[in-house]
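Worksheet: the structure to be examined is printed underneath.
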Amino acid sequence: MPHLTSTTAGTTGAGTGAGVRTALGIPGYAHPLVAPAQWAELARPGTPVDWVVLDVAAGPGSRPDPHCLEAVTRLRAAGVRVLGHLDLGHGARDFGYLLSDAHRHLDWYRVDGFLLDRCPDERAALPEVRRVITTLRALGDTAHIVLGHGRHPHPGYAENADQLVTFSGSWSDYRWSQVAEWTADYPPDRFCHFVHSVPRGHLDEALRIARWQGAATIYFTDRTDRGGRVDPWETMPGYWDDIVSRVGTGVSE
């Protein structure tokens, strides 16, 4: 299994498993009206959740949704951060539309930050993404910003956001994945991995890969994308209790 072999990392960088506090980042479940029990589960005391993404309708929706507001209020009372979903469209979304969506997320749901989904990853797009991030931070200086690249971007992006999603995909790709060497210069809490189609029997292996590659925020599920026809993140994994237990207590290295 190929992994980062650089020796430039410190004891908390990529390529090490020691001292990493792993937590769950939830990419966004189905609407709370459709999946009320799943949203309620996220607010259960002791659940190791770093943050939850709120995606009402490819963003904040066209009007305030009382069901979403109730779910967000419950999460916030439990001390869980809620991030508004903003779709950058790989750099094609108009800046004004993005800003309008951000304002609605803040005005209606008082989100604690944003996941910038489908974020471009090339160097040429970095100035525009930096502009978006700077504007979002001006709206709320404590906003937690996660860039949803889904793969390793140009390293300059790591200087602008709180976290980067550097893997989003299937278990068949993840188990043979390699981490970019530049990530060794940053602590694990800067990186997130989202992996679908992970069999229950490989859950410990998946957690070891995340720790070895230096990603402290993870989401693993046995749900599949059925060849790209469905969203594998919309429902809780069948082994939810198992993953909560493993993330909360650690896994043998």
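Along the sequence shown, residues are numbered consecutively beginning with 1. Because the structure is a prediction, the values reported are computed rather than measured.
Between the side chains of Arg130 and Thr134, not a single donor N or O lies within less than 3.5 Å of an accepting N or O. Remark: the Glu41 side chain and the Thr47 side chain contain no N/O donor-acceptor pair separated by less than 3.5 Å. The closest side-chain donor-acceptor pair between His149 and Asp121, if any, does not fall under 3.5 angstrom. Side-chain polar atoms of Arg223 and His196 form no donor-acceptor pair below 3.5 angstrom. Side chains of Gln38 and Thr235: a donor-acceptor N/O pair is absent below 3.5 angstrom, by distance only. Arg211 and Thr22 form a side-chain donor-acceptor contact under 3.5 Å, judged by distance and modelled atom types alone.
A heavy-atom distance below 4.5 Å is found between the side chains of Trp233 and Ser168. Pro64 is not listed as a side-chain neighbour of Leu69, based on a closest heavy-atom distance of 4.5 Å or more. Considering only heavy atoms from C-beta on, His85 stays 4.5 Å or farther from Val56 through its side chain. In this structure, Ile243 and Leu24 have side chains that are in contact, with non-hydrogen atoms separated by less than 4.5 Å. You'll find the side chain of Val129 reaches within 4.5 Å of the side chain of Cys119, heavy atoms only. At least one side-chain heavy atom of Leu136 sits less than 4.5 Å from a side-chain heavy atom of Leu116. Within the 4.5 Å cutoff, side-chain heavy atoms of Asn160 are placed close to those of Leu126. Proximity of Val247 to Leu207: side-chain heavy atoms (C-beta onward) are separated by under 4.5 Å at one or more points.
Ring-plane geometry between Tyr109 and His105 is classed as tilted, the angle between the planes lying from 30 to 60 degrees on a 0 to 90 degree scale. The aromatic rings of His31 and His67 sit perpendicular, their planes meeting at an angle over 60°, well past the 30° parallel limit. The aromatic rings of Trp240 and Tyr29 sit perpendicular, their planes meeting at an angle over 60°, well past the 30° parallel limit. A perpendicular orientation is assigned to the rings of Phe194 and Tyr219, their planes being inclined by more than 60° (bins at 30° and 60°). Ring pair His152/Trp182 is perpendicular by interplanar angle, where above 60° counts as perpendicular and below 30° as parallel.
Not a single donor-acceptor pair under 3.5 Å links the side chain of Asp101 to the backbone N or O of Gly59. With hydrogens and angles ignored, the 3.5 Å screen pairs no side-chain donor or acceptor of Arg21 with any backbone N or O of Ala216. Side-chain atoms of Arg137 come within 3.5 Å of backbone N or O of Ala143 as a donor-acceptor pair. Distance alone, capped at 3.5 Å, places no donor-acceptor pair between the Arg190 side chain and the Pro187 backbone. In this structure a side-chain-to-backbone donor-acceptor pair under 3.5 Å is missing from Arg208 to Leu203. Judged by distance alone, with hydrogens and angles left aside, the side-chain atoms of Asp222 form no donor-acceptor pair with the main-chain N or O of Val198 at under 3.5 Å.
Counted within 6.0 Å of CZ on Phe95, heavy atoms from surrounding residues, nucleotides or ligands total more than 12; the atom is thus considered enclosed. Counting heavy-atom neighbours within 6.0 Å of Arg123 CZ, excluding the residue itself, gives a total of 12 or less. Applying the 6.0 Å contact sphere to CZ of Arg151 captures no more than 12 heavy atoms from other residues, nucleotides or ligands.
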Exercise for review: Evaluate side chain to side chain contact (heavy atoms under 4.5 Å, CB included) for Ser170 paired with Val195, printing each intermediate quantity in order.
Suggested key: CA-CA 5 Å; Ser170 70; Val195 190; over 6 Å; no
Practice item. I would like to know whether Ser177 and Tyr174 meet side chain to side chain contact (heavy atoms under 4.5 Å, CB included); could you show each step before the answer? Key: CA-CA 5 Å; Ser177 63; Tyr174 188 61; 3.8 Å; yes
**Study point:** Worked check of salt bridge (charged side-chain N to carboxylate O under 4.0 Å, His left out) between Arg200 and Asp242
**Key:** CA-CA 9 Å; Arg200 182 188 296 268; Asp242 288 345; 2.4 Å; yes
Review point. Where do Trp51 and Val80 land on the side chain to side chain contact (heavy atoms under 4.5 Å, CB included) test, with the steps shown first?
Key: CA-CA 6 Å; Trp51 40 259; Val80 177; 5.7 Å; no
Practice item. Carefully, step by step, assess Asp231 and Asp225 under the rule side chain to side chain contact (heavy atoms under 4.5 Å, CB included). Key: CA-CA 6 Å; Asp231 183 352; Asp225 66 352; over 6 Å; no
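To the nearest 0.5 Å, atom OG of residue Ser172 and atom NE2 of residue His202 are 11.5 Å apart. Between Leu42 atom CG and Leu75 atom CG the span is 6.0 Å, to the nearest 0.5 Å. To the nearest 0.5 Å, the span separating CD on Glu234 from OG1 on Thr221 amounts to 11.5 Å. The CG atom of Asp50 lies 7.0 Å from the SG atom of Cys192; values are rounded to the nearest 0.5 Å. To the nearest 0.5 Å, atoms CZ (Arg44) and CZ (Arg74) are separated by 14.0 Å. Between Leu98 atom CG and Arg131 atom CZ the span is 10.0 Å, to the nearest 0.5 Å.
For Asp204 and Arg246, the salt-bridge test passes: some basic side-chain N is under 4.0 Å from an acidic carboxylate O.
The two residues Leu147 and Tyr157 make their nearest non-hydrogen contact at CD1-CD2, 3.8 Å. Considering all non-hydrogen atoms of both residues, Ala71 and Trp39 come closest at CB-CE3, 4.0 Å. Residues Ala78 and Ala43 come closest through the heavy atom pair CB-O, 3.5 Å. Of all the heavy atoms in Pro153 and Leu164, the pair that sits closest is CG-CD1, 4.0 Å. Heavy-atom minimum distance, Trp171 versus Ser197: CB-O, 3.3 Å. Looking at every heavy atom in both residues, Ala158 comes nearest to Tyr186 through CB-CZ, 3.7 Å.
Placement of Leu139 and Leu115 within a single hydrophobic cluster is found when ILVMFWY residues are connected by side-chain heavy-atom separations under 4.5 Å, directly or transitively.
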